**Q** 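First the structure, which I've put down as structure tokens, then a few questions once you've had a look.
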Amino acid sequence: MPRRPLARGARAVLSAPYLWLAFFFIAPLALVAKISLSKSVVAQPPYAPTFDLYAGFGALIEAARTLSFDAYRGLVADPLYFESYLTSLGVAALSTAIAILVAYPLALAIVRSDRRWRGFLIGLAVAPFWTSFLIRVYAWIAILKEEGLLNHALMTLGLIREPLEIFATTMAVVIGIVYSYLPFVVLPIYNALEKQDVALREAAADLGAGPLRTFFSVTLPLSASGVVAGALLMFIPAVGEFVIPDLLGGSDTMMIGRVMWNDFFENRDWPAASAGAIVLLAILVVPIVWFERRQTRGGAV
Amino acid sequence: MSAWRVPRLATLLVGFAFLYAPIVLLVVYSFNASRLATVWTGFSTHWYAALLADEQMRGSALISLEVAALSAAIATVLGALAALALERFGGFRTRSVFVAAIYAPLVMPEVILGLSLLLLFVAIGAPRGFWTIVAGHATFSMCFAAVVIRARLAGADRSLEEAAMDLGAGPVATFMRITLPLAMPAVISAYMLAFILSMDDLVIASFTSGPGATTLPMRIYSAVRLGVSPEINAISSLLLGAVGVALLIGAVAQARRTNAA
């Protein structure tokens, strides 16, 4: 086999996406790390350069002495950051748990539907993913607002006297996240359930297991991989979510994505925002690596 | 199992009602005559007319379409090359770095991606605007494109490629005449996905944009921050309609292909 030319061609094929990602993904992350170690100044761009890579090795060592951990110290000193990390993790975990409780029965109901309908139904469940995220979140404002459609309907029906205060609370953020990410959770669970052999359930039934027992000792354990995939696919981006807490949350739902956004666009403290991003990455690195391992072992998104 | 029929249908009903009620309500209220977004006072297409007259909205829609078309094209090409490298080249040095760089952006919070891209553009002194948004969108979309195309390549029958090689076709000819046609449905899906991701993105566009390049989501976002309005409902309905039609066409094409096969 003509190995040599193939190898050279292969290198060319690989280098285009590789160089692109190195320049637009890996290098920028390194920059974030670098700027998180610089001092905030009132200027354009609003940070004091830490070190110049072109100035040589001696200058590099010199510059290393002047590295500033101010941004990280600020992070630790500022209770806003600490609380927003906790809020973000809590809201993302709660939303993911609720989404699984909603998505699992839905995926199961679709899998157990007539074969002719299955493709259509799973398509219908995933279709909202293709529509604008921003618009779907926006739709919930009109529903949850104090004078919104939900309160309007409940008060007309006489179920409540006073409007419910859901909008601009953590509950609204959780509803928004569950709603927006639901297709991400339904699809992997559906894929896992669909692969299961009916014979396994029949065997369990033949051996005297009731429907509940069959579910908990056959169906559920065999679909665990789908549940984990869906949970990771939702939890990781949800922790850093900006749009949903910004539009549906109130001042008590300061999630980290929002704090970073404010630091960046409003306070113009780039080192603080960068340090916030680095810490967020450090928190998420374990689930991200877990996600990658699963994906590269051949699971489909 | 007929005993489970009723709970199954009830689950489907509740699940789909939850998924679709907000979207349906939004579309319905875009035809509301009243400016108060939650009180129905009568049918009107007034807000659509107002929308068409809104030049800023039209300009942003055009920018978004251009950014999406371009960035999706770049993303699809790079994603296809990445998928080919991952599926057909076996192991190579620093493969794990490459794999990590492909899969991490799929889940990484957009705020981090946006922030890092902005710092890059500031550092290299690139003027921020149309092209920086294109580059940003191409970067995260190419990862989605790579995953979609890779799944197709993994499922494709390798023997056709091997036969072509045995018959004397070089790697380029084999790719153009066997691999690419086989992967075409995935390539088209990847382009659509990249296009939609770009049309929809607010966070990365906000970080990488400059004066004069306000995308449609950025325009909608600043309008939404001022409150619910029938005009936003109208533009949202148009976008939902466009995606709905595209999905329908895709579903029909898929059904035909399955029937033909």
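Each chain gets a letter, A, B and so on, in the order the sequences are listed, and its residues count up from 1. Bear in mind the structure is a predicted one, so any value in this text is a computation, not a measurement.
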**Q** Give the member of I26(A), T131(A), L281(A), D246(A) that has the highest number of heavy-atom pairs under 4.5 Å with chain B.
**A** D246(A)
**Q** What part of F23(A) gets closer than 4.5 Å to chain B, counting heavy atoms only: side chain, backbone, both or neither?
**A**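 The answer is both parts of F23(A).
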**Q** Is chain B contacted by the side chain of V13(A), its backbone, both, or neither, given a heavy-atom distance below 4.5 Å?
**A**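 When you check distances to chain B, atoms from both the backbone and side chain of V13(A) fall under 4.5 Å.
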**Q** Would you check if the distance from the ring center of W130(A) to the ring center of F195(B) is below 6.0 Å?
**A**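 Ring-ring flag for W130(A)/F195(B): false, centres at least 6.0 Å apart.
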**Q** I'd like to know which of W261(A), F235(A), W20(A), F242(A) tops the heavy-atom pair count under 4.5 Å against chain B.
**A**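 So the answer, after comparing W261(A), F235(A), W20(A), F242(A), is W20(A).
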**Q** Would you call the rings of F18(B) and Y179(A) parallel, tilted or perpendicular, taking 30° and 60° as the class edges?
**A** perpendicular
**Q** Would you call F25(A) and M108(B) a side-chain contact if the rule is heavy atoms closer than 4.5 Å?
**A** yes
**Q** Side chain, backbone, both or neither: which part of I256(A) has a non-hydrogen atom closer than 4.5 Å to chain B?
**A** neither
**Q** Any side-chain heavy atom of F24(A) sitting closer than 4.5 Å to one from F140(B)?
**A**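 Side chain of F24(A) against side chain of F140(B), heavy atoms only: no contact under 4.5 Å found.
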**Q** So, do Y138(A) and Y221(B) have ring centers that fall under 6.0 Å from each other?
**A** no
**Q** Less than 4.5 Å apart, any side-chain heavy atom of L21(A) and any of C143(B)?
**A**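 In short, these two side chains touch, coming nearer than 4.5 Å.
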**Q** Taking the side chain as everything from C-beta on, heavy atoms only, tell me whether F264(A) gets closer than 4.5 Å to L118(B).
**A**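 Contact flag for F264(A)/L118(B) side chains = yes.
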**Q** Counting only non-hydrogen atoms closer than 4.5 Å, does L108(A) touch chain B with its backbone (N, CA, C, O), its side chain (CB onward), both, or neither?
**A**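 For L108(A), neither part sits under 4.5 Å from chain B.
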**Q** Looking at side-chain heavy atoms only, is the closest gap between L232(A) and V107(B) below 4.5 Å?
**A**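 No; the side chains remain at least 4.5 Å from each other.
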**Q** Hey, are the side chains of L29(A) and I112(B) touching, using non-hydrogen atoms and a 4.5 Å cut-off?
**A**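 They are in side-chain contact.
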**Q** Contact between L106(A) and L12(B) at the side-chain level, heavy atoms closer than 4.5 Å - yes or no?
**A** yes
